[in-house]
Amino acid sequence: MKQLKFLLCRNSPFVWDGNGFSQCFDDLVLGFGINAASIAVICIVGIMRRRARTNWTVNFSEKALLHSIAVIGACLSCVDAILLVKKKLHGDFVLYHELLFRFSHFMVWATIVFSLRCACFQHIFCDMVLCIWWTIKPLFGIPHLQKAFSSMEVLDCLKESSALFLDIMFSISINYIRIKQASANSSPMEDSLLCAEMDIEEGCHRDSRRMQGCWDHIVFRSIISVMNSGLGKQLGFDDLLLLPTDMDPSTCHKKLLSCWQHQHSNSSSNASLFRAIFSAYGWPYLRLGLLKVFNDFIGFAGPLLLNKLIRFLQQGSGNLDGYVLAISLGLVSVVKSFSDTQYTFHLSKLKLKLRSSIMTVIYHKCLSVSIAERSKFSEGEIQTFMSIDADRTVNLCNSFHDMWSLPIQIGVALYLLYTQVKLAFTAGLAITILLIPVNKWISELIASATEKMMKQKDERIRRTGELLAHIRTLKMYSWESLFSSWLMDTRSLEVKHLATRKYLDAWCVFFWATTPTLFSLCTFGLFTLMGHQLDAAMVFTCLALFNNLISPLNSFPWVINGLIDAFISSRRLSRFLCCSEQKPELERKAKFQPSFSNEKYDLVSNDMVVVMHDASCAWSSDNEDQNLVLNHVTLSLPKGLLVAVVGEVGSGKSSLLNSILGEMRLVFGSIYSSGSVAYAPQVPWILSGTIRDNILFGKNLDSQRYADVLEACALDVDISLMAGHDLAYIGEKGTNLSGGQRARLALARAMYQDSDVYLLDDILSAVDAHVAKWILQNAILGPLVEHKTRILCTHNVQAISSADMIVVMERGHVKWVGNSSDLAVSAYSGFASVNDFDASYIHSKLYSTNTSNMDKQSPLLENNTLDVPLEAQDIIEAEQRKEGKVELIVYKKYAGFAGWFISVVILLSAILMQASRNGNDLWLSYWVDTTGISQGKHSTSFYLLVLCIFCIINSSLTLVRAFSFAFGGLKAAVQVHNTLLNKVINAPAQFFDQTPGGRILNRFSSDLYTIDDSLPFILNILLANFVGLLGIAVVLSYVQVFFLLLLFPFWYIYSKLQFFYRSTSRELRRLDSVSRSPIYASFTETLDGSSTIRAFNSEDYFLARFTELVAQYQRTSYSELIASLWLSLRLQLLAASIISFIAVMAIIGSHGSLPISFGTPGLVGLALSYAAPIVSLLGSFLTSFTETEKEMVSMERALQYIDVPQEELRQYLNSSWPFQGVVEFQNVTMKYIPSLPAALNDITFTIAGGTQVGIVGRTGAGKSSVLNSLFRLTPICGGRILVDGLNIVDIPVRDLRARLAVVPQSPFLFQASLRDNLDPLRMSNDAKIWDVLEKCHVKEEVEVAGGLEAKVKEAGTSFSVGQRQLLCLARALLKSSKVLCLDECTANVDAQTASILQKTISTECQGMTVITIAHRISTVLNMDNVFVLNQGTLVEEGNPNALLQDEYSIFSSFAKASTM
């Protein structure tokens, strides 16, 4: 054994030679041993896989790539082995271990070449074991490479680099093919069948993606077709690239959801989204780390080759080594370009998968969580989860790899510095180490400020959402300024924390930017003070290494911040995702409560549809909050009956339905329900889309049932009058429908479902008496739902009389259960006659009157409406997007918002900062050359002093630039938000009717977040890159005159590339923004209607709709990614050619064969060290430029809404107007949209001052349109409206609304104290408020809630809809206006309360003009006058009692219908 060891390792120790592993150990163990293992692995896998059969093939380009790498490897290793043998034959000394290593290397490649000729080669080389082995193998080649570089032999360096490079390329190739085939095989089998059956014209996109060659993937050729389209036209979604199969959002959703559910089931209290993300995407992400390592290490080959090249120039040798080094320098840049773009591509692809996963999982959670459970979070907070937290969690992908990669890069750079300047590098290292605790402290402060800022951002977005959701009501109250001031207070707190963050960031920028300059000063200063002499090779190698240090040092604090942000966001999301979901079980029980016995359960399941046993429910999810809304309710509802749930306002009727649906927290007892459910809520939830979409709700169209449902719900006539019929588009929240139409549409949706149980919450209160009667007879009691269970909350006497069973609620208890015949003797007083006149009179006249004028004619919908796919009538305007490049005016506007003075200061400080840095490097070059020629004209201390002055100037200018940028960015953010908010709230009501709230909210959330944070950051990078490139161009032109020859053609190619790219990238960015808005709009809409969606069990349908929107967003982002990498690769290759050119020209110049001298070695070294970072700087410049342009799209989008039309706000009006309250309509015509029929048609009437007038008519007759015209929410097309003789067009719109009092159709309460809700302007004292509350019969409920300082929940959910209406009435009475408008203000209260309120209004409003829109005839009977509207026309007016006596009057027919 000893003899063998002596023979193989004659002149070398076997393992360790004192400085590291011996050459013998390297060759025998790390060389020959690893090669032998490689051959063994290939042979074993080949034997095991020799009979494998495959249904997939490797395409030609991939096969050619594998063969090429193997053949080149075999040829190079063969030549190497032959040269060693030749050397041995000539008598030179050759080590045996080196011979074994070289021959084994050749045998590995020969084995690969032979194996590639086997039929089953794809099974051999795509085997997981071999792929993993070949991923590890290149690591063992690093010691050989290190030895070669330390030997200073150029050919040895080139030989070892080539060997390692071929190993890495082969590893990447086989892993790429394996992953590609694995993803192809994982797609469903049907894909190929579907693809085979596709139309020839469409082509098989999926197959075309698979058949794309490896080279096409590497150079991103697929995007060229999109870019060609982008040059010639405005891009549309159809022009985008198709998503790869593994990026399909539904696949990504299932993957992350299953991992989260597994995580949650294992540790529900400590579940972490971060761990779930790692389970889903961890291994592919970690595999990318290997490519990251290679990419980082190859970045250091440039400075090492630069060192050898400058030493070659100093020695003045005439051999060919210089040309080899110059070309190698360029080739290293080329390899780095490819590896860099591939790493970015795969990482970004993973980020897109993660983004779609998180977005769909959040949406899925919102669909699954009950309203009570969701109450832990405000709506603004949940919207922030989707708009901001999802993106910040995705950024974890960048930060996590950088977290370990950047310290390694810094460590390698410091080690290489040590090899150049020995221990002098510790001076620079000391500065870096001193900055670490400073940066850590700053990072902690930034994290704290970020968390506080996000809380305020949540609150601001919640308030903004609240403002946008109720903007029409706010305009009627003239409260826009009040709400915007509250919003501005929240924004100022957010900006306070944003400012803290920005100025801390500025300190970070200062420390990072000055570190390289300080590093060079301290390092070279200490090196010379230690007695060493500076030379060009050492100085400029160090400068190149300093440049390599800039990026990791600059990025590291950002990486820490990114990680902190990501962990904060993932914790927030984890907390939300941990909410318990509403389970679809038939029985729900409170914790620790005994269940039913088996006998009882069987009885229940057979005969009863709902059984509540001692059930107590609360709206809060907090266990400590025991504010029970339902209190120990025991109730059994049999199958197949009409059950009427009655009770006073706030008695718990709606809560009873919600408890059956599972939307409330069950505190005690149990609730059992059976069968499918359909639900029509008290406040109808209308989906943005066509009428047909709203009714079908994801189900297939059954034409007969559809027509029957429309007729039963009295919608057929309304639809036949609409443009587009049932394909007419309904705006957000049903903005272009009347309240009655919205209620009937919600009912039609429920009726169409053909469910077992129908939960109908007060649907008759929003419609007039005729329609209520029709709906009751044809829908609720009609054949469509015959023998089905119908649970109806109502105050309607006809419905109560028709009920099979009546449940009386009182303060959360079931007071009484029985039938209608027994109800009169019960304690429920609400069943008293709804009208104050003699009901028997109407009954006596009922059948003697010709009722033809009151019978509802409901013709079936025309067949063509059902079958012909008419184009939907667009009420909502399509989101605008600009064409072409972002206009210069957008940049000017941003600079104007930041301040022109500060913009000039930023620009000057950046230019001077770069000039001082270039001066620093030129001074170093001069120092090197003077010390090289002689002992130098000046002392070392003089050179150091000048270098120190440059360093101080550079640091000072960096500080000025950093803080001026922070100040300017902050000022712009504040100004943009304030201007945008001011312009949006002053926009007319039509703007909000035609623009979805989600689209506007997108401006205030996502776009504003970009303007706050991302835009200043990327602008800072752009400016730094621009002045950096400018400095490099100036220095290179000064040092090498021939560079000027290259400059113009290079600039021409560069400008062509960026023009080709930018024309497409702008369009893609705009498409990205446009595709993002529907996601937020859909999400906001779903939050509002989640209880309805769950009731209909339509979660899957809505998740599929949302997934389609996310898929479109993903396609845009994917196309954007490929386009940016296409450009990046070409720019880096262009830069590599510049490096090669400068290096080769330097070699030619050193031979003296050119007439122009290239100057001293110092200047040549400076040129080469400046040429090296061109690769990254050029790519970074255009990336930052295009990113700036993309981020500027957010500014462009904000400016779109800053330019919206405004309501005039001049303030010139007599303070006591209106004096009498006389209201005159003179030939008024009004249309909501020019293309729609007139809502009011040439209407004329006069309301005398101090009189009380009622407006009645069927739903959609134009009643609410009268108020819309009076309040100027919608401009009139013709005629005029006078109030006390003044034309309202001449009155400032806010003054007009402020002088009129209103109770809107939809009661509006906001999240604040009850006092702020009733009297936000603080005009009344407590005694007056309590007095009005008592008169409105809501004082007791307010006292129970906690008095005037009690906090009202979001959208007023702490009170029932009826209680909200009473509070809105109290608010109107407190205003003491001469004109009071009541729009269905008692629709949702019981008849008795409504009657008392009517008396209150009569007594309290003496001398006031009261305009009441009503469906209850009893509401208007005691009024002075009544107007009857029909289809926007005034068809009847007069005293209600006089009209009632006329049996042929339309009003009389309404009265009769109301008592039937």
Check your understanding: So which pairs with a foot in residues 1273-1307 pass ring-ring contact (aromatic ring centres under 6.0 Å, His included), sequence neighbours left out?
Key -> none
Exercise for review: Quick one: which residue pairs count as a ring-ring contact (aromatic ring centres under 6.0 Å, His included) with a foot in residues 1422-1446, not counting sequence neighbours?
Suggested key: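 Sorted result for residues 1422-1446: Phe1245-Phe1427.
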In chain order, what residues pass the salt bridge (charged side-chain N to carboxylate O under 4.0 Å, His left out) check against [X], with sequence neighbours excluded?
X	value
Glu480	Lys475, Arg1294, Arg1297
Glu1340	Arg811
Asp1424	none
Lys1335	Asp1331, Glu1404

Taking C-beta and beyond as the side chain, do [X] and [Y] meet within less than 4.5 Å on heavy atoms?
X	Y	value
Ile695	Leu710	yes
Ile1247	Asn1425	no
Asp1383	Val1302	no
Val1283	Leu1270	yes
His795	Lys653	yes
Ile763	Ile780	yes
Leu764	Val771	no
Leu1318	Leu1333	yes

Indicate yes or no for a side-chain donor-acceptor contact from [X] to the backbone of [Y] under 3.5 Å, with no hydrogens or angles considered.
X	Y	value
Arg1299	Pro1218	no
Ser801	Val797	yes
Thr1244	Asn1227	yes

Under the rule for side-chain contact (heavy atoms from CB on, under 4.5 Å), what residues qualify as partners of [X], not counting sequence neighbours?
X	answer
Pro681	Tyr679, Thr1092
Lys1375	Ala1301
Ala1239	Met1230, Tyr1232, Ser1265
Ala779	Ala712, Leu747, Met751, Ile775

Exercise for review: Mind running side-chain contact (heavy atoms from CB on, under 4.5 Å) on Leu1300 and Met476 for me, showing each step along the way?
Suggested key: CA-CA 8 Å; Leu1300 308 177; Met476 291 179 93; over 6 Å; no
For the student: nearest non-hydrogen atoms of [X] and [Y], plus distance:
X	Y	result
Thr1251	Ala1248	OG1-O, 2.6 Å
Asp761	Cys793	OD1-CB, 3.5 Å
Leu1421	Leu1444	CD2-CD2, 4.2 Å
Ala799	Thr794	CB-CG2, 4.1 Å
Arg1280	Val1228	O-CG2, 3.5 Å
Ile686	Arg742	CD1-O, 3.7 Å

Practice item. Decide yes or no on side-chain contact (heavy atoms from CB on, under 4.5 Å) for Leu1434 and Phe1225, but give the supporting numbers first. Key: CA-CA 11 Å; Leu1434 180 62; Phe1225 273 57; over 6 Å; no
Review point. Do other residues, nucleotides or ligands put more than 12 heavy atoms under 6.0 Å from the CD atom of Glu1224?
Key: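 Check passes, neighbour count above 12.
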Review point. Given Leu715 and Ile691, is the side-chain contact (heavy atoms from CB on, under 4.5 Å) satisfied, shown in steps?
Key: CA-CA 10 Å; Leu715 274 171; Ile691 287 174; 5.8 Å; no
**Study point:** Test side-chain contact (heavy atoms from CB on, under 4.5 Å) applied to Asn1317 and Arg1364, step by step
**Key:** CA-CA 11 Å; Asn1317 270 275; Arg1364 281 178 245 166; over 6 Å; no
Check your understanding: Can we say Asp1284 and Lys1378 salt-bridge, meaning some charged N sits less than 4.0 Å from an Asp/Glu carboxylate O?
Key ->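 Salt bridge absent between Asp1284 and Lys1378.
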Practice item. Check ring pair (Phe, Tyr, Trp, His ring centres under 6.0 Å) between Phe1271 and all other residues, then give those that pass, not counting sequence neighbours. Key: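 For Phe1271, no residue satisfies ring pair (Phe, Tyr, Trp, His ring centres under 6.0 Å) once neighbours in sequence are set aside.
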Practice item. Sequence neighbours left out, what passes ring pair (Phe, Tyr, Trp, His ring centres under 6.0 Å) with Phe1451? Give chain and number order. Key: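 Applying ring pair (Phe, Tyr, Trp, His ring centres under 6.0 Å) to Phe1451 gives none.
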Exercise for review: Compute whether any side-chain donor of one residue and acceptor of the other, for Thr1274 and Asn1268, lie under 3.5 angstrom apart.
Suggested key: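 Looking only at side-chain atoms, Asn1268 and Thr1274 do not form any donor-acceptor pair under 3.5 Å.
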